[in-house]
Protein chains: 2
Amino acid sequence: MPRVSKEQTDLNRTAIEQASSKLFREKGFNGVSVADLMAAAGLTHGGFYGHFSSKDELAAVACATAFSEASERWQKRMQGKADEQQALHAIIDGYLSSQKVRDVGNGCPGAALTTDVAREPLDKPVRAAYMAGTEELVEILTALSPSPDPAVRRKTALAQWSMMVGAMALARATEGYPIANELLAVAREQLLGDITA
Amino acid sequence: MPRVSKEQTDLNRTAIEQASSKLFREKGFNGVSVADLMAAAGLTHGGFYGHFSSKDELAAVACATAFSEASERWQKRMQGKADEQQALHAIIDGYLSSQKVRDVGNGCPGAALTTDVAREPLDKPVRAAYMAGTEELVEILTALSPSPDPAVRRKTALAQWSMMVGAMALARATEGYPIANELLAVAREQLLGDITA
DNA sequence: TGTACATCAGTGAACGCGCGTTCACTGATGTAC
DNA sequence: TGTACATCAGTGAACGCGCGTTCACTGATGTAC
């Protein structure tokens with residue numbers, strides 16, 4: 001039953017993007033096939049190239065989608081918080097949860113895709129997408145820094161970002177061992193302690 | 001010209017391990033084929049299963065090898081340093097170099113293999129190898145912490161480790177953009193500043 | 001508004017290719033006398 | 001020490017399989033009258 005309404009076509013494309021955004025984070029770019037992605041979107045593999053020119057192109061789109069989702073998640077956590085300190089607290093606390101260790105598919109693409117992106121050639125579109133997404137999240141952290149000096153705010157945000165990504169990536173790789181929880185706890189303590197102090 | 005002396009057999013096995021240790025870090029477990037690994041060791045693919053029972057088993061061995069190399073590299077950097085503070089300085093400074101961003105194959109496996117290991121099932125041997133290697137490096141950092149309290153030393157080491165791995169992984173993923181160097185610089189500043197302070 | 005037809009989103013078979021692993025074979029190494 | 005032979009590390013063809021991508025086809029959608 002081919003040919004589908006324009007609305008359905010858009011829905012299908014969105015479904016592919018969202019399935020990819022999730023599956024790429026879980027299994028990496030090379031860990032999921034085009035057929036897997038299409039099946040997860042409820043379609044068959046042949047129609048893929050009607051939506052995207054290559055798997056590479058989709059990787060970039062899915063990466064951007066994942067960062068957008070993360071950004072929205074952060075915005076949502078900030079809502080209703082009394083001040084910047086509490087907003088930052090909510091973001092970091094939500095980020096470094098042991099639940100997120102297991103749920104890579106709905107977690108931060110910054111931590112889930114690092115090495116995948118790092119292994120792509122420098123001119124691949126996914127690299128630009130990853131970098132833009134990173135800046136988007138660092139921007140949010142920067143806005144929440146208490147310092148009046150913009151340079152210090154930026155530095156604080158970048159240091160927080162490195163620690164958040166590092167602790168989460170390491171906790172995932174050491175999942176099941178005591179050190180995984182230690183890493184999360186120490187990062188939380190250090191990052192939240194810095195805020196309160 | 002098959003059948004080779006026992007000494008040569010050992011040399012060949014070591015060559016496979018070292019080539020794998022490097023290539024897995026560069027391209028990931030799924031990014032290199034058994035044939036690639038054997039070719040890099042100067043052999044043909046068929047002989048692989050005389051040395052290892054599977055690619056999975058080799059992944060664990062290569063992971064352990066990479067961490068051992070890293071540990072030795074750290075020990076070497078510590079040599080001749082006047083005190084713990086200077087030794088720690090040397091390790092961190094060497095770790096966060098922009099040269100290491102490009103030379104993944106000779107860099108820290110902790111940062112190079114995070115997501116690869118995180119995607120392996122919990123019972124795979126490579127996970128135990130990664131965890132043991134992590135503990136090995138964290139141990140070194142712990143020994144260099146200035147605090148008299150063992151719990152504090154451990155926490156300091158874990159926080160440093162998260163920051164080092166996070167900054168390096170992110171710098172690699174954003175290589176070529178200004179933020180890559182920013183991330184390295186900020187992490188260095190924060191980690192080395194903590195020492196001096 | 002109804003009808004006739006062109007469009008084109010999605011299907012599934014097929015393509016060439018590279019993967020992890022197996023295996024019959026080779027011939028230098030190692031050993032038994 | 002020299003010789004005859006068994007061993008087995010390494011070779012390369014072959015296996016079944018899944019990959020990214022292409023393409024002829026289908027039939028509901030969208031359009032022109």
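Everything quoted here is computed from the prediction, not taken from an experiment. Numbered from 1 within each chain, the chains take letters A, B, ... in sequence-line order.
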Between atom [atom1] in [X] and atom [atom2] in [N], what is the gap in whole Å?
X	N	atom1	atom2	result
B/Met38	D/dG12	CE	P	12 Å
A/His45	C/dA13	NE2	C1'	8 Å
B/Gln8	D/dA9	CD	C1'	10 Å
A/Arg3	C/dG10	CZ	P	10 Å
A/Lys55	D/dG18	NZ	C1'	11 Å
B/Leu11	C/dT29	CG	P	14 Å
A/Glu57	D/dT21	CD	P	11 Å
A/Ile16	D/dG20	CD1	P	14 Å

- [ ] Could you check which residues of residues 30-37 of chain B get a heavy atom under 4.0 Å from DNA chain D? Sort them by number, please.
- [x] none
- [ ] Can you run through DNA chain D from 5' to 3' and write each base as (, ), [, ], | or . depending on how it pairs? Watson-Crick or G-U wobble, both distances under 3.5 Å.
- [x] .||||||||||||||||||||||||||||||||
Open item on the list: Side-chain N or O of A/His51 versus OP1/OP2 of C/dG10: is the shortest distance under 4.0 Å?
Closed with: yes
TODO: Inspect the contact between A/Asp116 and B/Arg119 and indicate whether a charged nitrogen and a carboxylate oxygen are less than 4.0 angstrom apart.
DONE: yes
Open item on the list: One thing to verify: whether B/Arg154 and A/Glu182 come together as a salt bridge, which I'm taking to mean a side-chain N less than 4.0 angstrom from a carboxylate O.
Closed with: yes
Task: Closest-nucleotide 5' rank along DNA chain D - winner of A/Lys6 and B/Thr44 - done: B/Thr44
Open item on the list: Tell me every residue that passes side chain to side chain contact (heavy atoms under 4.5 Å, CB included) with B/Ser33, counting only those two or more places apart in sequence or in another chain.
Closed with: B/Ala35, B/Asp36
Open item on the list: Return whichever of A/Asn12 or B/Phe29 has its heavy-atom-nearest nucleotide of DNA chain C closer to the 5' end.
Closed with: A/Asn12
May I ask you to decide if [Y]'s main-chain N or O and [X]'s side chain share a donor-acceptor pair within less than 3.5 Å?
X	Y	value
A/Arg25	A/Ala66	no
B/Lys22	B/Val104	no
B/Arg127	B/Glu120	yes
A/Gln8	A/Val4	no

- [ ] Carefully, step by step, assess B/Glu72 and B/Lys76 under the rule salt bridge (charged side-chain N to carboxylate O under 4.0 Å, His left out).
- [x] CA-CA 6 Å; B/Glu72 278 169 34; B/Lys76 206 164 276 176; 5.9 Å; no
TODO: Name the nucleic acid region contacted by B/Gly46, choosing base, sugar-phosphate or nothing; use a 4.0 angstrom heavy-atom cut-off, strictly under.
DONE: base
TODO: Please say whether more than 12 non-hydrogen atoms of neighbouring residues, nucleotides or ligands are located less than 6.0 Å from NZ in B/Lys100.
DONE: yes
